[in-house]
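Everything numeric in this text was worked out from a predicted model, so none of it was measured. A, B, ... follow the sequence lines: proteins, then strands. Residue 1 opens every chain. We use all heavy atoms of the structure for the numbers below, so side chains are in, but hydrogens, waters and symmetry mates are not.
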Number of protein chains: 2
Amino acid sequence: MTQEPGLRERKKKQTADRIETAAMDLFEKDGFDATTIDDIATAADISSRTFFHYFPTKEDVVLGDYAARLSRVTESLKEQPVDSPAWTALGVAFAEVANDYEVQHQQLRRRFQIMMTTGSVFARNLQLQAGWEDAVAEALEERMKLGSGDILPRLMAASALGAMRSSVRHWLPTTNQSLPDLVQDCFTQLEAGFKPAL
Amino acid sequence: MTQEPGLRERKKKQTADRIETAAMDLFEKDGFDATTIDDIATAADISSRTFFHYFPTKEDVVLGDYAARLSRVTESLKEQPVDSPAWTALGVAFAEVANDYEVQHQQLRRRFQIMMTTGSVFARNLQLQAGWEDAVAEALEERMKLGSGDILPRLMAASALGAMRSSVRHWLPTTNQSLPDLVQDCFTQLEAGFKPAL
DNA sequence: ATAAAAGATTGCAGAGACTGCAAACATCTG
DNA sequence: CAGATGTTTGCAGTCTCTGCAATCTTTTAT
C-alpha cells in the first residue's frame, strides 16, 4: 500500500520545501508585498513559471500546510461517538487541532505574524476558513440528522470557527495560556447556548 | 451645517452611481471575472484610470455601500442602555442592520448573488467583516469595562457576526423567514452561552 | 468678472500576479 | 532501450492596480 516514494515524488517535495523556506525568509526580511514571485523563484532556484505549479497564489505559501491541518476537523468529527452532543464532539475535534497548533507553534507564529499584518493573506485565510465552515456545517447536519433547512449546523460551525479564531488571536501575542486551554474556555463558554441540541 | 451640495459633489455622486450600475449590469450579464475594468469604464463613460478614484478594487463595487451599512452596528451599540446585557444590546444592534437588509433586499440579493459565486468578492467581504469584528469587539470591551486581556468581547463579536452570516445564508435562497427573524433566532439560541456576562 | 486655488479626469508608462501553450527535459514502465 | 507520463521552462499575453504629470472643471477670493 504505502510504497516508498520514487525519485519524482521526493524531488517534488524537496522543491516545494525549498520554495516555502525561501519565500518565508524573504517575506520576513523584505515584507510580503515587497517580495515578488521572481524573487522567490530566484532564491528557490526555479523558474517563476514553476512557482505556480506548486502554489496557486503567493498567499498560499504562507497558509499552505496550516490550511490542510484544519481540514482534519471533519475527519475527527466523524470519529466521535454518535451519542455525544454535537457541540461536545466539535469541541474535541477542535481541541485536537489546537494541540497541533500548540506543538508547532514556532512555525505557526511566523506564518500568523505575516498573516495578521498582510491584508491579502488574511483575506485568503478567511476564505479558506469559510470552506471549512461549509464542510463542518455539512458534517454536523449529517450527524444531527437534520434537514438542510435548519440553520443550527451552520451556526454551530460558525461559532466553532469563531472560537478558534478568537483563541488564536489571544494566544499569539501573550503565551500566557496554552491554545488548547483557550479553545476549551471558548467552547465551554458557548456550551450553554447549544445545550438543548443533541 | 448641512449645505446643499455643490455641482462638484453632485457630479461625483452621479459618476459613482453610473459606475456602480454599469458594473453591476456587466457582472450579471458576463460574470464578475469576465468583466474588465475597461469594460466598466467604457460602459460608465469614464477613463479606466478614473475608476480607481472611485473604488479601490473591482470587488468593492459589489460590496461598497452594504459594507458601510454594517459599520452602523457600533454606533447603534453605543446608543443601547448601559444596564442591558451586552449580548442583548448586540442583538438589538444587529436587528437594526437586519432590518435594513430586509428593506433593501432587492438590491442586496443581486450583490449577494455575485458575492457567493465569486471567490475574490467573497474573500473581500470576509476581510471587511473582520474589520467590523475588531470594531465590535473593541466597543464591547469598553462597554463591559474589561481589560484587553479578556477574550470574551472578541468571542461575542465573532459569534454575532457568525450569526449574521449564517442568517443571511439561509435567508438568501429561501425567503421563507424574514432576515430579522432569523437573526433573532440565532441570537436567542446563543443567548444562554452568554448569560452570566453583563 | 476674473484670477488663483483646489479638485477631478485623463493618458501613459510600468510593476506585478497569474494563465495558456508548446517545447525541452526527466522519470517511470514494460 | 523505447514509449508513456509527468515536470520544468520560456514566452507572450491579460488584467489589476499605481505613480506621475498634464489638462480640464469647479470653487473661492478679489
Picking from D/dT26, D/dT8, C/dC28, the nucleotide nearest the side-chain atoms of A/L7 would be C/dC28

query: How would you label the contact of B/S48 with the nucleic acid (heavy atoms, under 4.0 Å): base, sugar-phosphate, or nothing?
result: nothing

Taken to the nearest whole Å, CD1/B/I46 to P/D/dC24 is 19 Å

| With sugar-phosphate meaning primed atoms plus P, OP1 and OP2, does B/S120 contact a base, only sugar-phosphate, or nothing at under 4.0 Å between heavy atoms? | nothing

Assert: residue with more 5' nearest nucleotide on DNA chain C, out of A/R49 and A/I37, is A/I37

Side-chain atoms of B/H53 come closest, of D/dC17, C/dA26, C/dT10, to C/dT10

Task: Beyond-backbone contact of B/M116 with B/R169, side-chain heavy atoms, under 4.5 angstrom - done: yes

Which of D/dT26, C/dG11, D/dT5 is nearest the side chain of A/R8? It is D/dT5

_Could you check whether any side-chain heavy atom of A/R110 comes within less than 4.5 Å of a side-chain heavy atom of A/F27, counting everything from C-beta outward?_
no

Side-chain donor-acceptor contact under 3.5 Å, B/T36 with B/D39:
yes

*Just checking B/Y54: base, sugar-phosphate only, or nothing, at a heavy-atom cut-off of under 4.0 Å?*
sugar-phosphate

Residue pair A/T36/B/K11 against DNA chain C: nearer the 5' end by closest nucleotide is B/K11

